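Only one structure is covered here, and it is reproduced in the block below.
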Amino acid sequence: MTAPWSGARIAALLGLLAAGVLAGVAGWLVVDLWFPGGLALALLALFGLFLGARIALGTGIGVGAATGGWFLSYVLLGVPRPEGDFLLGSSGISMYVYLLGGVVLAVMCATMSLPGDRPLSAAGKAK
């Protein structure tokens with residue numbers, strides 16, 4: 001196992017952050033484009049990203065990096081500009097479903113246990 005904050009791990013976290021930004025932008029574009037198939041596709045892509053991050057780094061911190069990038073892009077695309085319009089508009093409740101679904105998937109992937117994980121004792125220390 002690599003050191004907790006080795007250069008490779010930091011590079012992986014930055015890569016997952018960038019992948020989260022890209023997934024957020026792509027999801028924002030696809031959700032309203034093909035409803036409900038676009039919503040399902042965007043959530044499936046998020047699930048793949050979050051699960052891949054969990055498996056790649058072996059901890060929930062990878063999911064946190066990917067989720068941070070995804071949420072950052074979601075917020076930046078949804079904030080109105082000074083002129084009063086949005087960079088990308090949303091036309092319905094599908095964006096709220098995308099937000100809630102993405103958060104549920106992130107929590108699910110971050111807290112899941114993988115084969116080979118050591119169980120924690122009640123005191124929080126590995127046995």
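Nothing fancy with the numbering, it's 1 onward along the sequence. In this text, all values refer to a predicted model and were calculated from it rather than measured experimentally.
- Contact detail for Met112 and Arg54: the closest heavy-atom pair is O-NH2, 2.8 Å.
- Annotation for Gly24 and Ser73: closest pair CA-OG, 3.2 Å, computed over non-hydrogen atoms.
- Cluster membership for Val103 and Met108, using ILVMFWY side-chain heavy atoms within less than 4.5 angstrom, is shared.
- Without hydrogens or angle criteria, Tyr74 side chain to Met95 main chain gives a donor-acceptor distance under 3.5 Å.
- Note on Leu22: it does not cluster hydrophobically with Leu105, by side-chain heavy-atom contacts below 4.5 Å among ILVMFWY residues.
- Remark: Leu77 CG to Leu29 CG distance equals 7.5 Å, nearest 0.5 Å.
- For residues 97-109, the pairs satisfying side chain to side chain donor-acceptor pair (under 3.5 Å) are Trp70-Tyr98, with sequence neighbours left out.
- In the hydrophobic clustering of this structure, Ile10 groups with Leu57; members are Ile, Leu, Val, Met, Phe, Trp, Tyr whose side-chain heavy atoms approach within less than 4.5 Å, directly or through other members.
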Run the side-chain donor-acceptor check on residues 41-50: report pairs under 3.5 Å with partners two or more places apart or on a different chain.
none

**OP:** Mind running side-chain contact (heavy atoms from CB on, under 4.5 Å) on Val31 and Val97 for me, showing each step along the way?
**Re:** CA-CA 10 Å; Val31 165; Val97 174; over 6 Å; no
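- Scanning for side-chain contact (heavy atoms from CB on, under 4.5 Å) contacts around Ile55 gives Leu51, Leu114, with sequence neighbours left out.
- For the atom pair Thr67 OG1 and Ile61 CD1, the distance stands at 10.0 Å (nearest 0.5 Å).
- Expressed to the nearest 0.5 Å, how far CG of Leu99 lies from CD1 of Ile93 amounts to 11.5 Å.
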